[in-house]
Amino acid sequence: MTLEAETGSGSATANSYVTLAVANDYFTRHLSGTAWAAKTDAEKETLLITAARAVDYGATWKGRKITITQAMQWPREEVETSLPWPDTLYPNNAVPPQVKAAQIEVAALFLNGDRFADQDADGISSVSLGKGALAVTFDANTAKRILGRVAPLLIAEFAQNTGTRRGTAPIYRM
């Protein structure tokens with residue numbers, strides 16, 4: 001699959017927010033730069049496309065897509081941000097640089113290990129029984145997230161949530 005970067009037009013065929021050249025430049029100043037440089041262009045494109053998918057569906061984005069046919073979640077319209085001042089609408093013909101950086105950071109996670117490895121107990125803080133029910137308490141601080149720890153911080157301004165939750169889920173017997 002060939003990498004096609006979204007330009008802000010709402011392309012129906014885009015599969016990345018960054019070009020390979022932009023990612024290569026980013027990785028020249030990244031801790032994973034050596035590992036990135038060792039990959040072929042085809043491997044880098046696969047990492048970027050996979051990371052773009054993870055970023056697209058790893059958050060509930062503010063606003064809505066500008067067209068119903070666009071392949072990616074960005075560009076979007078009606079996205080309120082606080083930059084450069086409160087209650088500013090982000091331009092509907094652009095992809096935020098934070099979203100682009102998040103894609104590259106997620107590609108670095110995929111580059112450095114298997115993010116889909118067995119995670120049986122990750123994110124579980126405690127399990128208890130009481131009154132005929134099992135209660136599981138989840139701790140987002142210990143969970144392995146598909147977006148890692150950096151990407152959600154980068155995109156927080158543009159997302160309604162980034163999958164970081166903490167709470168208890170009761171499980172009842174029938």
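Starting from 1, each residue takes its place in the sequence as its number. Only a predicted model underlies this, so the values are computations on that prediction, with no experimental measurement involved.
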Check the side chains of [Y] and [X] for a donor-acceptor pair under 3.5 angstrom, ignoring hydrogens and angles.
| X | Y | result |
| --- | --- | --- |
| Ser16 | Glu6 | no |
| Thr13 | Ser11 | yes |
| Asp56 | Trp61 | no |

Non-hydrogen atoms of [X] and [Y] that approach each other most closely:
| X | Y | result |
| --- | --- | --- |
| Leu147 | Pro152 | O-CD, 3.5 Å |
| Ile155 | Ala59 | CD1-CB, 3.9 Å |
| Ala51 | Gln103 | CB-O, 3.3 Å |
| Thr2 | Asn15 | O-ND2, 3.0 Å |
| Lys39 | Leu111 | CE-CD1, 3.4 Å |
| Pro75 | Val95 | N-CG2, 4.5 Å |

Atom [atom1] of [X] and atom [atom2] of [Y]: how far apart are they, to the nearest 0.5 Å?
| X | Y | atom1 | atom2 | value |
| --- | --- | --- | --- | --- |
| Phe158 | Thr60 | CZ | OG1 | 16.0 Å |
| Glu43 | Thr40 | CD | OG1 | 3.5 Å |
| Leu109 | Leu47 | CG | CG | 11.0 Å |
| Asn92 | Thr67 | CG | OG1 | 11.0 Å |
| Glu45 | Glu4 | CD | CD | 11.5 Å |
| Gln98 | Tyr90 | CD | OH | 6.5 Å |

message: Please say yes or no: joined through hydrophobic side-chain contacts below 4.5 Å, possibly via intermediate residues, are Phe110 and Leu3 part of one cluster?
response: yes
- prompt: Are Ile66 and Val99 linked, directly or through other ILVMFWY residues, by side chains that come within less than 4.5 angstrom of each other?
  reply: no
message: Go through it in stages, so that I can follow the logic: the residues are Trp74 and Val79, the test is side chain to side chain contact (heavy atoms under 4.5 Å, CB included), and I'd like the CA-CA distance, side-chain angles, deciding distance and then a yes or no.
response: CA-CA 11 Å; Trp74 284 88; Val79 177; 4.0 Å; yes
task: Test side chain to side chain contact (heavy atoms under 4.5 Å, CB included) on His30 and Glu105 and set out the steps.
output: CA-CA 9 Å; His30 196 279; Glu105 289 295 336; 3.2 Å; yes
task: Go through the steps for Lys62 and Glu80 under the test salt bridge (charged side-chain N to carboxylate O under 4.0 Å, His left out), then give the verdict.
output: CA-CA 8 Å; Lys62 293 178 181 178; Glu80 287 188 18; over 6 Å; no
message: Checking Tyr26 against Trp36 for the ring-ring contact (aromatic ring centres under 6.0 Å, His included) test, could you report, in this order, the C-alpha distance in whole Å, the side-chain angles of both residues, the deciding distance, and whether it holds?
response: CA-CA 10 Å; Tyr26 190 99; Trp36 181 260; 9.5 Å; no
message: Could you check whether any side-chain N or O of Asn112 sits under 3.5 Å from a backbone N or O of Ala108, counting only pairs where one atom can act as donor and the other as acceptor?
response: yes
task: Show the numbers, then the answer: is there a side chain to side chain contact (heavy atoms under 4.5 Å, CB included) between Tyr17 and Gln73?
output: CA-CA 10 Å; Tyr17 291 115; Gln73 292 294 317; 3.8 Å; yes
